[in-house]
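Single-structure report; data block below.
Counting starts at 1 for both ligands and their atoms, in listed order. Side chains are part of it too, since the values below use all heavy atoms of this structure and drop only hydrogens, waters and symmetry mates.
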Amino acid sequence: MIEFTDVVKSYPEGNDALKGVSMQIEDGEFCYLVGPSGSGKSTIIKLITGEIKPTSGAVHVNGYSLERIRKKEIPYLRRTVGVVFQDFRLITNMTVYENVAFAMRVVGAREREIRDRVPYVLDLVGLAEKHQRHPGELSGGEQQRLAIARALVNNPSTIIADEPTGNLDPAMSLEIMSLLEEINNLGTTLLVVTHAQDLVERFHKRTIVINDGLIVSDGMDGYYGYENQ
Ligand code: ADP
């Protein structure tokens, strides 16, 4: 579960990025986070992954209290939260298989587990046949699927996808959103940060709208409230 209670985040040399955000995302939910550039979306992601701490308020993620988490606990928190980065962050000189296997190796998985798990995850995202390719030989949509496979491989309870359709054409975007929906149906909590209004409307899920550091709407109404700013 992700829970923010009255979270304020001020950066040393900036305005308040979050001005009192409270929200709760239950296990198993699929939730969009939308809002204009500079509204605080990345700040929310960084608070969830423990990259930054709140100035005040409480952030609870999968049993960890982020406002007082110890440094050595952060790797354990991060095993519960898989992040799909906007720029993919794939390792270009490793194969598709190795990119995913590497994510398991860095958390100390055994070779046996890696051999079992990587093919399963590559199959889930539809990349089984391309396991020997390199990222440079994949389409944008395939690279995105590889980034999703890597986020999934350590079996996190939560996945955060930052603009997963940002660089994709409409057909590919639809495919990626369907894949994220399928992953959610398998039990993973999904938080999807996006600007893609058409997809938000099409997939009709809970949508948290943030503007200028405050939540301005939270519900199944899509961009309602956001459009009326
Ligand atoms: P979004 O992801 O919605 O574009 P951000 O969370 O990146 O928004 O930013 C929210 C606000 O915080 C913006 O006004 C931005 O300029 C400011 N901000 C973000 N990161 C920093 C930082 N490291 N130092 C100072 N200000 C920052």
Exercise. Output yes when E73 and R68 qualify as a salt bridge under the 4.0 Å nitrogen-oxygen rule, no when they do not.
Key: no
Quiz item: Got a sec, which pairs hit side-chain hydrogen bond (donor to acceptor under 3.5 Å, both in side chains) with one end in residues 167-187, sequence neighbours left out?
Solution: E181-K205
Quiz prompt | side-chain hydrogen bond (donor to acceptor under 3.5 Å, both in side chains) involving Q132 - partner list, sequence neighbours excluded | solution = none
Quiz item: Applying a heavy-atom distance cut-off of 4.0 Å, which protein residues contact ligand 1?
Solution: Y11, A17, P36, S37, G38, S39, G40, K41, S42, T43
Self-check item: All ring pair (Phe, Tyr, Trp, His ring centres under 6.0 Å) counterparts of F30, not counting sequence neighbours
Solution: Y32
Quiz item: Do we see a donor-acceptor contact under 3.5 Å between the side chains of S10 and D16?
Solution: yes
Quiz item: Counting heavy atoms not belonging to Y76, are there more than 12 under 6.0 Å from its OH?
Solution: no
